[in-house]
Amino acid sequence: MTDLSRIGIAIPGELLDKFDELIEKRGYSNRSEAFRDLIRNELVQEVWQTSDTEVFGIVTLVYNHHVRQLTDKLTDLQHEYHHAVMSSLHVHLDHDNCLEVILVRGKAQVVQKLSNSLIATKGVKHGRFTVTTSGQNLP
Ligand code: NI
């Protein structure tokens with residue numbers, strides 16, 4: 001890493017204690033890297049909320065494949081948004097349950113819409129959407 005700037009931050013002691021506990025749990029070796037990651041996260045969120053640039057994300061779904069037409073609905077949605085779907089991984093967790101991980105890319109609005117539709121599909125037991133970035137504009 002080049003061009004490091006040093007800054008001083010005023011922060012209530014109690015808040016700093018909580019922060020130190022948190023970053024230790026998460027395995028950070030020092031505060032600086034934890035602060036940098038917090039800032040990067042906020043920058044990625046900002047891109048997701050405002051910009052027209054390409055974004056990347058991961059949708060995870062857990063569902064019971066015996067639910068009538070559910071698998072078809074999830075597949076139809078992905079075909080409808082095929083430009084946004086890069087890849088998907090399907091794992092048969094047990095006799096009934098499936099885990100699907102779908103990697104998506106595209107304009108934030110489009111990708112968000114796809115993800116919302118997948119997660120909201122009736123019969124999906126658990127759905128999560130994780131946003132990430134190409135990393136190009138992130139120091
Ligand atoms: Ni399955």
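Given the structure is predicted, the values throughout are model-derived calculations rather than measurements.
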When hydrophobic residues are tied together by side-chain contacts of less than 4.5 Å, even through go-betweens, does Phe129 share a cluster with Val55? yes
Residues Gly123 and Tyr63: closest non-hydrogen pair is O-CB, 3.8 Å
Rounded to the nearest 0.5 angstrom, the NE2-CG distance for His92 and Leu99 is 11.0 Å
Check the hydrophobic clustering (I, L, V, M, F, W, Y; side-chain heavy atoms under 4.5 Å; chains of links allowed) and say if Ile119 and Leu103 are grouped together. no
In Å, rounded to the nearest 0.5 Å, how long is the span from NE2 of His66 to OG1 of Thr71? 9.5 Å
What's the shortest heavy-atom distance between His65 and His95, and which atoms? NE2-O, 3.3 Å
So, taking the atom named OG in Ser29 and the one named CD in Glu24, what distance separates them when rounded to the nearest 0.5 Å? 11.5 Å
Applying side-chain contact (heavy atoms from CB on, under 4.5 Å) to Val124 and Leu74, what does each step give before you reach the verdict? CA-CA 9 Å; Val124 172; Leu74 295 174; 4.2 Å; yes
Measure the shortest side-chain to side-chain distance between Asp37 and Tyr28 over non-hydrogen atoms and say whether it is less than 4.5 angstrom. yes
Is there side-chain contact between Cys98 and His90, with heavy atoms separated by less than 4.5 Å? yes
Look at Arg40 together with Glu33 and state whether they make a salt bridge at an N to O cut-off of under 4.0 Å. yes
Are Ile58 and Ile102 in one and the same hydrophobic cluster, where Ile, Leu, Val, Met, Phe, Trp and Tyr link if side-chain heavy atoms are under 4.5 Å apart? no
Please say yes or no: joined through hydrophobic side-chain contacts below 4.5 Å, possibly via intermediate residues, are Val104 and Leu89 part of one cluster? no
Between Val111 and Val131, is any pair of side-chain heavy atoms under 4.5 Å apart? no
Output for pair (Arg31 CZ, Ile11 CD1), nearest 0.5 Å, gives 8.0 Å
Hydrophobic cluster membership, with links at side-chain heavy-atom distances under 4.5 Å among I/L/V/M/F/W/Y: are Leu22 and Leu16 in one? no
Gln69 CD to Asp76 CG distance, which is reported to the nearest 0.5 Å: 9.0 Å
A side-chain contact here means heavy atoms from C-beta on lying under 4.5 Å apart; do Leu118 and Gln78 qualify? yes
When you look at Lys73 and Leu77, which way does the side-chain contact (heavy atoms from CB on, under 4.5 Å) test go after all the steps? CA-CA 6 Å; Lys73 281 181 196 159; Leu77 266 171; 5.9 Å; no
Taken to the nearest 0.5 Å, the spacing of Thr130 OG1 from Phe56 CZ works out to 15.0 Å
Please test Thr121 against Leu70 for side-chain contact (heavy atoms from CB on, under 4.5 Å), starting from the C-alpha separation and ending with a verdict. CA-CA 8 Å; Thr121 301; Leu70 178 55; 3.5 Å; yes
